[in-house]
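Notes follow once the structure below has been shown.
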Amino acid sequence: MRQRVSVSTASAFLALVIRKTLARSSHVEAPTEHRSADAALAALRESPGLCIVDVELLLDGPDGGALRKELCARRTPSIVVDARGRGVDPDVLASPVIVVVSGHMAGELDAGMIEAELLAAVGSALRMRGSRTTEPLSPLSSLSPEPALFHQSALELIVIGVSTGGPTLLLRLFEEVREPAIPMLIVQHMPGSETAGFAARLTEHTGLTVREVTAGPLPPAGVIGVLAGGCDFRLVRRGATLHLRNATLEGNPFHPNVDEVLTSAVAADVAVGAVILTGMGQDGAAGALAMARKGLPVIAQRPDTCAVAGMPQAVIDNGAARWTRSPEGIASTLNAWNEAARRGARLGEKNCLG
């Protein structure tokens with residue numbers, strides 16, 4: 001069954017590009033179109049199968065604010081198109097059911113980005129919706145029709161998996177990341193003699209608190225852990241605390257192993273978010289797929305920004321990536337996740353105080 005689609009943008013040209021792109025998909029009907037924030041808001045409230053909204057409408061005064069609020073409150077997936085690369089509100093980025101497609105040319109309408117990336121975003125949104133179509137969307141189309149969705153303030157852990165090209169990228173990426181409110185673990189393929197020094201270098205370069213971690217309790221929020229190199233670990237839950245346990249993986253060429261960390265987190269029922277960055281091979285793809293089956297959020301680095309694209313490309317190819325982002329977009333999303341956690345903590349404190 002083909003899905004209903006609503007497209008909301010004030011730009012007739014952008015609407016044309018989106019319409020022509022959607023025409024290549026056999027999974028959606030011809031879209032209905034709306035030209036104002038007020039009309040888009042009415043379309044959202046009618047609950048069509050899938051809403052695609054131009055970010056420009058979210059900036060359109062009071063009507064744009066109301067549209068943004070309604071979009072973020074929805075329980076069903078939507079797509080926000082930032083065709084001119086102007087940036088997206090943190091509340092939109094933090095939503096677990098909004099897929100953002102961003103242009104790569106700041107200030108200029110990036111039609112090529114829409115043609116290249118919109119259909120993948122539609123596939124991601126329909127998978128989150130649990131859509132049943134006559135053709136498979138990807139390997140994930142056979143998964144649970146109702147993946148568990150949650151607000152990012154409920155994330156217990158963020159795992160960053162990375163290999164070739166990682167040290168240089170991480171130094172640049174964490175320049176833009178604020179102090180985390182969610183425990184964060186870097187799983188960088190690296191010899192055991194180098195991870196403590198790399199953690200110290202990250203601390204010195206970024207001003208964040210970064211340290212090497214081994215078996216034992218995970219470091220608290222505010223401390224970024226770099227998993228000790230040259231060996232493997234899995235996550236286990238002990239009461240309310242998450243612990244790392246040493247693991248032995250036969251024939252594993254990549255240490256520490258991203259797949260082992262992610263699959264063990266899923267097995268321990270950890271609300272984990274993952275970012276798969278530059279690297280050779282496919283480590284992280286199996287773990288990301290296990291996460292996607294649970295509705296957990298996975299970001300893949302945009303392949304054209306990678307030193308070696310093997311790891312994120314494998315996550316994209318198996319359908320596990322909910323978002324594909326540049327390093328700058330990844331930093332923004334990490335900040336949005338952490339800000340959502342801070343807001344959730346403040347709300348909890350307020351409720352406790354009565």
key: More than 12 heavy atoms from other groups under 6.0 Å of CD on E175   = yes
key: Distance (rounded to the nearest 0.5 Å) between R342 CZ and E179 CD   = 7.0 Å
inquiry  = To the nearest 0.5 Å, what is the distance between CD1 on I276 and CE on M291?
reply    = 8.0 Å
query = How many angstroms lie between atom NZ of K20 and atom CG of L16, to the nearest 0.5 angstrom?
reply = 4.5 Å
message = So which atom in T305 and which in P327 form the shortest heavy-atom distance, rounded to 0.1 Å?
response = OG1-CD, 3.6 Å
note = Tightest non-hydrogen contact, residues A320 and V298, listed as O-CB, 3.5 Å
inquiry  = Taking salt bridge (Lys or Arg N to Asp or Glu O under 4.0 Å) as the criterion, tell me which of R68, K69, R343 meets it with D91.
reply    = R343
query = Has Q282 got more than 12 heavy atoms of other residues, nucleotides or ligands less than 6.0 Å from its CD?
reply = no
inquiry  = Check this for me: does any side-chain nitrogen of one of E194 and R201 sit under 4.0 Å from a carboxylate oxygen of the other?
reply    = no
Pair R19 + E33, salt bridge at N-O below 4.0 Å = yes
task = Please test S78 against R74 for side-chain hydrogen bond (donor to acceptor under 3.5 Å, both in side chains), starting from the C-alpha separation and ending with a verdict.
result = CA-CA 8 Å; S78 305; R74 278 168 59 89; 3.1 Å; yes
task = Would you name the heavy atoms of A271 and L296 that are closest together and state the gap between them?
result = CA-CD2, 4.1 Å
note = To the nearest 0.5 Å, atom OG1 of T195 lies from atom CG of L202 at 11.5 Å
query = Using 4.0 Å as the upper bound for N to carboxylate O, is an ion pair formed by E156 and R237?
reply = yes
inquiry  = Test side-chain hydrogen bond (donor to acceptor under 3.5 Å, both in side chains) on H34 and S8; report intermediate values, then the result.
reply    = CA-CA 5 Å; H34 311 279; S8 299; 4.9 Å; no
ask   = Just by modelled atom types, is the A199 backbone N or O under 3.5 Å from a matching donor or acceptor in the T203 side chain?
value = yes
message = Please determine whether a side-chain nitrogen of the Lys or Arg among E29 and R4 lies less than 4.0 Å from a carboxylate oxygen of the Asp or Glu.
response = no
message = Under 4.5 Å between side-chain heavy atoms, counting indirect links through other Ile/Leu/Val/Met/Phe/Trp/Tyr residues: same cluster for L59 and V53 or not?
response = no
inquiry  = Ignoring hydrogens, what is the shortest heavy-atom contact between D283 and M311? Give both atom names and the distance.
reply    = O-CE, 3.3 Å
message = Would you say W323 ends up clustered with V122 if hydrophobic residues are merged whenever their side chains have heavy atoms under 4.5 Å apart, either directly or through other cluster members?
response = yes
Pair N252, D232: side-chain N/O donor-acceptor within cut-off below 3.5 Å = yes
message = Could you measure the distance from the CD1 atom of I224 to the CG atom of L185? Nearest 0.5 Å is fine.
response = 10.5 Å
task = Might you point out which heavy atoms bring A221 and A181 nearest each other, and give the distance in Å?
result = CB-O, 3.3 Å
task = Return yes if a side-chain donor-acceptor contact under 3.5 Å exists between T9 and R35, otherwise no.
result = no
note = Tightest non-hydrogen contact, residues I186 and F174, listed as CD1-CE1, 3.9 Å
key: 4.5 Å side-chain heavy-atom contact, P297 and R322   = yes
